[in-house]
Amino acid sequence: MHMRDKRLRYIYGYIFLGFAIAFLLVLNLYMGSTDMSVKDIMKLLISGDTSSVDGKIIWSIRIPRLVSAALLGGALTVSGFLLQTFFSNPIAGPYVLGISSGAKLTVALSMIFLLQRGMVAGSVVMIGAAFIGSLISMMFILIISKRVNNMSVLIICGVMIGYICSAITDFLITFADDSNIINLHNWALGSFSGSSWSNVKVITVVVATAMFFAVWLSKPMSAYQLGETYARNMGVNIKKFRIALILLSSMLSSVVTAFAGPISFVGIAVPHLIRRLFKTSKPIHMIPACFMGGAAFCLLCDLIARVMFAPTEINISSVTAVFGAPVVIYIMIGRQRDRAE
Amino acid sequence: MDIILKSEKLSVGYGGQSLIDSIDISVRRGEILVLIGPNGAGKSTILKTLSKQIESVAGSVYLDDRDMRVLKESDISKQMSLLMTKHPSPEYMSVEEMVSTGRYPYTGRFGVLSDEDKKVVGDTIKITDIEEIRDNDFNRISDGQRQRVMLARALCQEPEVLIMDEPTSFLDIHHKIKLLSILKRMVREKNIAVIMSLHELDLAIKCADKVICVANGQIDRYGTVDEIFGNQRNDRYDIIDEIFGNEITDKNGTANESIVDGENCLYNNYIEQLYGVESGTFINEYGSVELEKIVGQPEVFVIGGGGSAIPLYRRLQREGIPFAAGVIHRNDLEYPVAKALASVVIEQGSFDKIDDETIKRAKDIISACSKVYCTVEKWGEMNMKNKELVEFAGEKMQTEKLGLQER
């Protein structure tokens, strides 16, 4: 493919993702358990009316929810892409490596700890707890990755770490006595429900910061894709770069876990689809495109989770798994075939 | 200053454990330094240490007179580039994009190529002859092409020192020659210093300015190609000569028929020692390898000369038939091969006429053989006596031409 064709492909890719996001935003706004006409919604949007019931539904429930679904979906996907770059493995991601589950455990711990003292954990505390949990899981993964060279084994170890963390979390939730436990339970399964504007603000700040640094690191990332040796020879300070990459991916996945719980497979499936769509793995394009793709993907999944069995809501991970897991299986089969050739 | 890379009392190894000590080398601009030695001797470790991929255990490396330990990666990247044995396999990357990654140290924050960068990339693609495949996927080209692409990538970095770990491994002969020709040209034109390890000794002889032999945890030898591969006998064999007088025992322990008279006819050579070759022969003159000779009472006698019998020697070796070769002058083209493969060589001093005593010995052996081949078609003053052998052999003479028809 010529350079010019490639550029055209990028442009079409971005346009496609942009339209997908816009379309899904509208759908998310429109569809729900309360029937509203497009006209009504337009009116509410323009007037900014938050006093009526419909106005409250749009402004205090649907909009914060769709904004956080989009931002967190993007964050999760970029986190997955960073981990794939780090481990040079297309099936690495915060969920399969047990990083999300580690974050889930520490968040549950701090929530229960605070609830017992009659306090509600604020956004910052939640993110902080999730970040620490992510880093602890990441540490285990790094220790394992030093000992095993086989990527599949690493993934299996990650899944096991995830199971252990989830088991402990379930145990804690089962025996925690509090009226808020229902919330905790919902959160532990993964959901975008209950997002507030204050959450959205915190999410925006954290995600924007992390994304800025992710794009900032896109050049050394492109060098790192050629392997450590070549990256070092190209002038990358490997140690600093690796630390930065770990911190960034943990930051992105922990903000997701803190607000929406662990969400499966988005971090693997979406980067793969984006690579396919853009036919590139250049970080400078992959990072923004993954963010857009993840936003669209999570908007779609959240829509399905809300609407499919309305008024009953299913947890988001069930939906993302249905779409994401087949992609992961497909990637693994593809890799096996490549090796056989 | 002409010397671009220098090491002083360098020890290399892993985890503080030194593998090879006291490495003192210096490489000038425009010079090719080749590392040879058996597998696992530590060639790659030396290359990785020289390029600061791993920490040195002790000692220092100076790049353009600056200690590499204090240089930042980004400083080194503009002066030194690498070509390693293991290739990256990035997804969806074209050849041109791969070559462009060599411009990394020169591009800005987001790695956007300037016009100048694009020109360097284009020129390098032309020089390395990969224009036809510039839009192909890097993962879907042949090994030979991939190696040229990686060389182009390394050259794009505009290095003063190029470090390569076995660049010719896995390549076919065409790609080997092509790669080294491009390399030679770049060294001449851009005055780049090259440090590389090679497995192919014949190629090492042909392209190296200096050679380092790595074996047994040390730099065994370091010198020019002539010093390492040259024909001079080393001291050890002079001593053996003295001890054994003219009776030389070869490495298979069988008494050599030849009479050594000060000429170079010792093929127990340094390269075989270096690699611990126990069977087979490395022929310095040709940089080629012959397999292990078949020892034993000769069943076949080959009357050769002028290189005509080399294919027959090799065939007999393949078929496992012990044979004698004679009478061959020591300065004959096929003499080294005969020495490597024949269980007995009846030889004559350089430029001498074949004398009666030698012919008598040849006849004795022919008497004991069941078949005799003659590959010589032209008789001159020097080999006239060999014609006598043909007559002597009589019915034992094999008439099939060269005896080389496939069975």
Side-chain angles (χ1 to χ4, degrees), chain A residues 1-7 9-10 13 81 84-85 88-90 212-241 271-272 274-289 331 334-335 338-339 341, chain B residues 44 47-48 50-54 71-98 100-113 118 121-122 134-140 150 153-154 156-157 159 161-163 165:
Chain A
M1 213 188 325
H2 279 289
M3 285 291 200
R4 198 173 303 120
D5 299 340
K6 281 206 166 184
R7 208 163 301 141
R9 202 178 178 98
Y10 299 153
F81 174 71
Q84 284 149 30
T85 308
S88 31
N89 179 355
F212 173 80
F213 283 110
V215 174
W216 189 253
L217 278 184
S218 63
K219 190 185 168 189
M221 247 182 261
S222 69
Y224 196 77
Q225 283 175 334
L226 301 188
E228 216 177 292
T229 309
Y230 282 112
R232 193 181 287 114
N233 179 241
M234 282 188 251
V236 178
N237 184 324
I238 298 292
K239 214 174 193 175
K240 277 188 196 162
F241 172 75
H272 178 74
I274 296 293
R275 256 192 291 270
R276 274 295 181 90
L277 178 67
F278 279 65
K279 291 229 184 301
T280 187
S281 28
K282 279 187 180 169
I284 190 78
H285 289 297
M286 280 302 286
I287 292 168
I331 301 171
R335 266 164 69 89
D338 274 357
R339 218 171 296 157
E341 264 171 17
Chain B
S44 296
L47 293 177
K48 280 181 195 159
L50 290 177
S51 56
K52 210 189 170 187
Q53 287 289 335
I54 53 175
L71 286 178
K72 277 193 286 186
E73 280 91 348
S74 49
D75 296 330
I76 296 171
S77 66
K78 288 184 185 175
Q79 286 193 289
M80 181 187 276
S81 64
L82 296 182
L83 200 168
M84 305 310 283
T85 29
K86 196 165 168 279
H87 288 308
S89 48
E91 277 186 291
Y92 300 115
M93 191 179 251
S94 72
V95 164
E96 185 173 354
E97 285 172 324
M98 178 54 89
S100 307
T101 62
R103 296 305 295 166
Y104 186 98
Y106 304 95
T107 56
R109 182 68 244 173
F110 296 107
V112 181
L113 297 177
K118 282 179 188 158
V121 171
R134 72 190 289 164
D135 292 321
N136 290 26
D137 190 314
F138 179 74
N139 290 332
R140 301 193 187 283
M150 292 312 282
R153 198 206 74 84
C156 252
Q157 222 167 311
V161 183
L162 177 57
I163 292 187
D165 196 1

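Chain letters run A, B, ... following the sequence lines, proteins first, then strands; residues in each count from 1.
For Thr101(B), the parts lying near chain A are the backbone and the side chain together; criterion is any non-hydrogen pair under 4.5 Å. Of the atoms belonging to Leu226(A), heavy atoms from both backbone and side chain fall under 4.5 Å from chain B. If you measure heavy-atom distances from Thr229(A) to chain B, the contacts under 4.5 Å come from both the backbone and the side chain. If you measure heavy-atom distances from Lys52(B) to chain A, the contacts under 4.5 Å come from the backbone alone. Both the backbone and the side chain of Gln53(B) come within less than 4.5 Å of a heavy atom in chain A. When heavy atoms are compared at a cutoff of 4.5 Å, Ser89(B) does not approach chain A at all.
Taking all atoms of both residues into account, the shortest heavy-atom contact from Lys6(A) to Ser94(B) is NZ-N, 4.1 Å. In terms of heavy-atom proximity, Ser77(B) sits nearest to Gly235(A) at CB-N, 3.6 Å. Residue Met234(A) comes nearest to Pro105(B) through the heavy atom pair O-CG, 3.9 Å, listed as atom of the first residue, atom of the second, then distance. The two residues Glu91(B) and Ser281(A) come nearest to each other via the heavy atoms O-OG, 2.5 Å.
Within a 6.0 Å radius of CZ in Phe110(B), other residues, nucleotides and ligands contribute more than 12 heavy atoms.
Within the 4.5 Å cutoff, the side chain of Met84(B) has no heavy atoms near those of the Asn233(A) side chain.
When each of Met98(B), Lys86(B), Glu96(B), Arg103(B) is scored by its heavy-atom pairs under 4.5 Å with chain A, the top score falls to Glu96(B). Your options are Gly102(B), Gly111(B), Ser51(B), Ala154(B), and the one with the most heavy-atom pairs under 4.5 Å with chain A is Gly111(B). Between chain B and the residues Arg276(A), Gln225(A), Glu228(A), the most heavy-atom pairs under 4.5 angstrom are made by Arg276(A). Your options are Pro283(A), Pro220(A), Ser222(A), and the one with the most heavy-atom pairs under 4.5 Å with chain B is Pro220(A).
For Tyr92(B), there are no ring pair (Phe, Tyr, Trp, His ring centres under 6.0 Å) partners two or more places apart in sequence or in a different chain.
Rounded to the nearest 0.5 Å, atoms OH (Tyr230(A)) and CE (Met150(B)) are 3.5 Å apart.
In terms of modelled atom types and a separation under 3.5 Å, the side chain of Arg232(A) and the main chain of Glu73(B) share no donor-acceptor contact.
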